[in-house]
Amino acid sequence: VATVLTSGAMSVATLTSFLSGSGSAVFGIESHRGEILVRLLLALALTWAVGFERELRGAAAGDRTFALVGVGSALVGYLSLAGAPHALAGVLTGIGFVGGGVIFGHPSDEFPDKIHGITTAAALFLVASVGMAAGRGELLLATVAAGAALLLLEIRHLRWLRVLDGRNWRGDRQDPPTSDPGRHRP
């Protein structure tokens with residue numbers, strides 16, 4: 001037990017094994033409770049990271065919203081294993097309404113036809129899916145999906161990724177000016 005606690009770098013598999021084995025005796029955690037704890041914590045960490053990126057970029061929904069969606073979805077994902085697979089469809093329906101709430105236009109902008117929040121809505125859909133995957137025990141899938149999301153969201157903001165940004169390849173590029181100094185545009 002001391003070796004596991006002091007090693008510092010612990011994989012998800014090691015943590016799950018620890019909580020299911022000797023750690024369950026130390027912490028008084030039953031095997032299945034340790035498993036759901038790992039799944040919820042991974043969902044929290046992954047979805048919070050995506051939300052932090054959105055928060056950093058000044059989006060309408062940030063780290064707390066993304067983490068709440070992710071952990072809630074993970075919980076539904078775990079519960080769906082007990083015979084309620086249609087609950088997953090309910091999460092996706094619900095997240096559609098949440099996503100619709102972050103999409104808005106600014107009629108007072110210089111570009112009144114520009115709609116804001118579509119990327120954040122899509123990212124909310126993704127973190128709901130990441131949470132459900134983590135809750136169902138697909139930890140590698142959840143991790144890869146969250147990593148891909150972070151990469152996609154950062155393409156415009158990291159110099160070495162900008163070559164992959166489609167906006168740089170079209171000739172009619174015109175970024176609307178922003179009045180919010182906290183918003184970062186390339």
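No hydrogens, no waters, no symmetry mates; every other heavy atom, side chains included, goes into these values.
- Smallest separation of non-hydrogen atoms from Ala134 and Leu139: O-CD2, 3.7 Å.
- Taking OG of Ser73 as the reference point, atom CG of Leu126 lies at 10.5 Å (rounded to 0.5 Å).
- Side chains of Met132 and Val76 form no contact here, defined as non-hydrogen atoms less than 4.5 Å apart.
- When all heavy atoms of Val50 and Ala146 are compared, the closest pair comes out as CG2-O, 4.2 Å.
- Shown here for Ala128 and Val91, the closest heavy-atom pair between the two residues is CB-CG1, 4.2 Å.
- Residue pairs meeting the side chain to side chain donor-acceptor pair (under 3.5 Å) criterion with at least one partner in residues 125-154, sequence neighbours excluded, are Arg57-Glu154, Ser80-Arg136.
- With Leu124 as the fixed residue, the side chain to side chain contact (heavy atoms under 4.5 Å, CB included) test singles out one of Val69, Thr119, Thr47: Val69.
- Cluster annotation: Val71 and Leu79 are assigned to the same hydrophobic cluster (Ile/Leu/Val/Met/Phe/Trp/Tyr, side-chain heavy-atom contacts under 4.5 Å, transitive).
- Clustering of Ile, Leu, Val, Met, Phe, Trp and Tyr by side-chain heavy atoms under 4.5 Å joins Trp48 with Phe52.
- Cluster membership check: Leu158 shares its hydrophobic cluster with Leu151, using side-chain heavy-atom separations under 4.5 Å among Ile, Leu, Val, Met, Phe, Trp and Tyr.
- By the 4.5 Å heavy-atom criterion applied to side chains, Phe66 and Leu44 are not counted as neighbours.
- Side-chain atoms of Ile95 and Val98, non-hydrogen and from C-beta on, do get closer than 4.5 Å to each other.
- In this structure, CD1 in Ile36 is found 6.0 Å from CG in Leu75, a value given to the nearest 0.5 Å.
- Atom CD1 in Ile155 sits 11.5 Å away from atom CG in Leu150 (nearest 0.5 Å).
- A pairwise comparison of heavy atoms in Arg54 and Thr120 identifies NH1-OG1, 3.0 Å as the closest pair.
- Leu41 and Leu68 fall into different hydrophobic clusters, where Ile, Leu, Val, Met, Phe, Trp and Tyr side chains are chained together by heavy-atom contacts under 4.5 Å.
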| What's the verdict on side chain to side chain contact (heavy atoms under 4.5 Å, CB included) for Glu55 and Arg64, showing C-alpha distance, side-chain angles and the deciding distance? | CA-CA 9 Å; Glu55 184 89 29; Arg64 294 183 306 158; over 6 Å; no
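- The salt bridge (Lys or Arg N to Asp or Glu O under 4.0 Å) contacts involving residues 37-50 comprise Glu35-Arg39, where partners must be two or more places apart or lie in separate chains.
- Shortest non-hydrogen contact noted between Leu40 and Ala74 is CD2-CB, 3.7 Å.
- The nearest pair of heavy atoms linking Leu88 to Gly77 is CD2-CA, 3.7 Å.
- A donor-acceptor pair is defined here as one N or O able to donate and one able to accept, closer than 3.5 Å; no such pair exists between the side chain of Thr65 and the backbone of Ala61.
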